[in-house]
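All remarks here apply to the structure that follows.
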There are 2 protein chains.
Amino acid sequence: MTARASQKPQPKTDRGERTRRKILDAAALAIGKRGFSATSISDITAAAGVGQGTFYIYFQSKEEVLREMVLQMGRDLRQHLTQAIAGTKNRLEAEREGLRAFIDFVRGNPGLYRIVEESQFVDEAIYRRHYMDFAATYRAALEAAEARGEIRKGSAEVRAWALMGMAVLLGQRYGIWDVATPLDDVVGPAVDLIGRGIRP
Amino acid sequence: MTARASQKPQPKTDRGERTRRKILDAAALAIGKRGFSATSISDITAAAGVGQGTFYIYFQSKEEVLREMVLQMGRDLRQHLTQAIAGTKNRLEAEREGLRAFIDFVRGNPGLYRIVEESQFVDEAIYRRHYMDFAATYRAALEAAEARGEIRKGSAEVRAWALMGMAVLLGQRYGIWDVATPLDDVVGPAVDLIGRGIRP
DNA sequence: CGATCATATGACGACTAATTCATGTTTGAC
DNA sequence: GTCAAACATGAATTAGTCGTCATATGATCG
């Protein structure tokens with residue numbers, strides 16, 4: 001089901017590096033806007049301003065581009081969240097800032113968000129890994145908080161997935177479909193729910 | 001973006017009705033297993049045991065079949081949930097039984113679940129309506145519970161989406177990816193989180 | 001029975017998209 | 001400045017899907 005695939009070799013010159021980037025950027029824009037299957041290779045290469053054959057110098061297929069973009073989005077989001085919760089003093093504060101930062105990220109990168117969700121139907125393994133990785137990080141943070149006595153005892157695994165789920169759907173509702181509602185109006189009630197749900 | 005489309009007329013005979021059903025069932029199976037774009041019309045008609053042209057007697061396009069299936073899944077799930085929370089005496093019990101029934105439904109109908117999620121990338125309007133409808137129902141239930149004093153005051157809209165999000169991702173994690181973990185091990189911790197999160 | 005409407009068929013034309021490749025251009029190490 | 005390697009190209013090949021239609025079969029009723 002999933003391509004095992006030997007990656008294409010990295011570009012060896014500056015020009016190659018630039019061309020690869022152009023293709024990747026054009027692909028992110030096009031796929032983010034129109035969706036994966038509605039976007040053809042020639043759409044991408046045309047938008048990138050390169051020949052069709054050039055695509056295959058750097059990528060095996062559209063799927064491989066998607067895979068790379070999901071990884072990229074994981075890194076971007078991780079960084080955004082890490083930065084957002086950097087100054088927080090306890091788990092509850094981290095939940096608040098993390099949720100706010102997540103919805104904020106979705107508002108700022110609706111295309112990337114969409115790409116990750118669609119990857120589920122293109123290469124399930126990469127989508128699953130994306131979530132599993134986040135879940136593992138989240139779980140570790142919850143266990144640490146539990147050890148510090150900041151939150152009540154309870155399954156960190158289930159909690160991690162439950163809280164991620166909240167964030168994902170709130171991100172859809174208030175990050176994509178409705179970008180007018182102030183973040184505080186969303187984050188406030190949600191964090192109230194979370195806070196009472198997990199505190200000692 | 002969304003087809004406004006005049007529907008095809010309903011079948012006028014028993015035979016027609018049966019043929020239509022065969023196509024719909026075959027489509028649900030095939031699309032649920034392989035995904036929407038990987039499934040061709042001829043895959044569907046071959047699986048249904050009818051000619052390719054027969055498809056177009058009953059449907060305008062693959063998209064229309066998907067739309068119908070999302071609606072169907074909405075009805076099925078609604079019924080499953082309604083039945084599950086029928087005997088409950090308060091909101092918290094309803095949350096428990098509802099969440100259990102939801103994951104149970106996903107385990108029993110992984111294909112249907114997948115179809116709904118994929119509909120997001122085929123006909124966003126129908127997907128959105130699916131969630132909006134559920135959210136409206138959920139919200140009403142929460143508001144009623146709040147009026148009865150069963151739960152604390154708070155934004156029913158945000159809560160509804162947060163709780164749906166929990167269910168959706170727990171459904172993915174424990175309904176699709178891992179069907180071995182006993183439901184109690186999932187529902188217990190989740191309902192503990194919800195219960196303390198919303199009770200007075 | 002024969003007439004008529006509904007249903008069924010599958011080959012076919014039109015089209016779209018993926019991928020290759022022979023040919024040409026650019027780069028940068030020497 | 002030379003030259004081999006890296007890169008770029010787009011037309012041609014390949015593969016497959018959609019949706020139509022002329023034709024055929026099934027069912028129903030007077």
Side-chain angles (χ1 to χ4, degrees), chain A residues 1-27 29-31 33-69 118 121-123, chain B residues 2-27 30-31 33-69 118 121-123:
Chain A
M1 191 123 288
T2 303
R4 204 49 4 257
S6 50
Q7 306 274 98
K8 293 270 169 158
Q10 291 287 110
K12 302 217 186 324
T13 72
D14 261 16
R15 179 170 61 134
E17 190 58 61
R18 262 178 287 130
T19 303
R20 203 185 118 102
R21 262 253 83 79
K22 277 198 292 183
I23 294 172
L24 221 36
D25 291 347
L29 210 71
I31 295 178
K33 185 165 297 175
R34 312 196 151 189
F36 183 79
S37 45
T39 303
S40 68
I41 305 275
S42 72
D43 286 342
I44 295 170
T45 54
V50 303
Q52 294 199 41
T54 308
F55 181 91
Y56 294 92
I57 297 172
Y58 301 106
F59 304 98
Q60 309 244 47
S61 63
K62 233 177 12 168
E63 281 78 9
E64 195 184 310
V65 173
L66 191 83
R67 244 171 269 142
E68 191 132 333
M69 292 193 305
E118 192 165 9
F121 304 102
V122 178
D123 183 340
Chain B
T2 302
R4 209 40 15 251
S6 49
Q7 306 274 98
K8 293 268 168 161
Q10 291 287 111
K12 301 213 182 339
T13 71
D14 260 16
R15 180 168 63 131
E17 190 57 62
R18 261 178 289 129
T19 303
R20 203 185 118 102
R21 261 253 83 77
K22 278 199 293 183
I23 294 172
L24 220 36
D25 290 348
I31 296 178
K33 186 165 294 175
R34 311 197 150 189
F36 183 80
S37 46
T39 303
S40 67
I41 306 274
S42 72
D43 287 342
I44 295 170
T45 54
V50 303
Q52 294 200 41
T54 308
F55 181 91
Y56 294 93
I57 296 173
Y58 301 107
F59 304 99
Q60 310 243 55
S61 63
K62 235 180 5 169
E63 280 78 9
E64 195 185 309
V65 173
L66 190 83
R67 247 171 266 142
E68 191 133 332
M69 292 192 305
E118 193 166 9
F121 303 103
V122 178
D123 183 341

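The chains referred to below are lettered A, B, ... by the order of the sequence lines, with proteins before strands, and numbering in each begins at 1.
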Sort out for me which residue in Ile57(A), Thr54(A), Asp14(A) forms a side-chain contact (heavy atoms from CB on, under 4.5 Å) with Thr19(A).
-> Thr54(A)
Quick one: label Phe59(A) by what it contacts on the DNA or RNA (base, sugar-phosphate, nothing), any heavy atom closer than 4.0 Å.
-> nothing
With Asp43(B), which residues qualify under salt bridge (charged side-chain N to carboxylate O under 4.0 Å, His left out), at least two apart?
-> none
Here the distance between atom C1' of dA6(C) and atom OH of Tyr58(B), to the nearest Å, is 8 Å
Closest approach of Ala30(A) and Thr39(A), non-hydrogen atoms and distance?
-> O-OG1, 3.5 Å
Could I get the full list of salt bridge (charged side-chain N to carboxylate O under 4.0 Å, His left out) partners for Glu68(B), not counting sequence neighbours?
-> Arg20(B)
Could I get a table of every N or O pair under 3.5 Å where one atom is in the protein and the other is in nucleotides 13-18 of chain C?
unit_1  : atom_1 : unit_2   : atom_2 : d
dA18(C) : OP2    : Ile41(A) : N      : 3.0

Sequence neighbours excluded, which residues qualify as salt bridge (charged side-chain N to carboxylate O under 4.0 Å, His left out) partners of Arg15(B)?
-> none
Check the distance between dG19(D)'s C1' and Glu63(B)'s CD and give it to me in whole angstrom.
-> 13 Å
Partners of Phe59(A) by ring pair (Phe, Tyr, Trp, His ring centres under 6.0 Å), sequence neighbours excluded?
-> Phe55(A)
Between Lys62(B) (side chain) and Ile41(B) (backbone), is there a donor-acceptor pair under 3.5 Å?
-> no
Under 4.0 Å protein heavy-atom contact, by nucleotide of nucleotides 21-30 of chain D - B base, S sugar-phosphate only = -----S----
Listed by chain and number, what are the side-chain contact (heavy atoms from CB on, under 4.5 Å) partners of Glu63(B), not counting sequence neighbours?
-> Phe36(B), Ser61(B), Arg67(B), Val122(B)
Could you give the CZ-to-P distance, from Phe55(B) to dG10(C), as a whole number of Å?
-> 17 Å
With sequence neighbours excluded, residues passing ring pair (Phe, Tyr, Trp, His ring centres under 6.0 Å) with Tyr58(B) | none
Would you mind reading off the distance between Ile57(A) atom CD1 and dT20(C) atom P, rounded to a whole angstrom?
-> 12 Å
Kindly give the heavy-atom pair with the smallest separation between Gln60(A) and Gln7(A), and that separation in Å.
-> NE2-N, 4.2 Å
Listed partners of Glu118(B) passing side chain to side chain donor-acceptor pair (under 3.5 Å), at least two apart = none
Rounding to a whole Å, what distance do you find between Lys8(A):NZ and dT20(C):C1'?
-> 10 Å
To the nearest 10 degrees, the angle between the two end axes of the helix from dA6(C)-dT25(D) to dC30(C)-dG1(D) (five pairs per end) comes to 20°
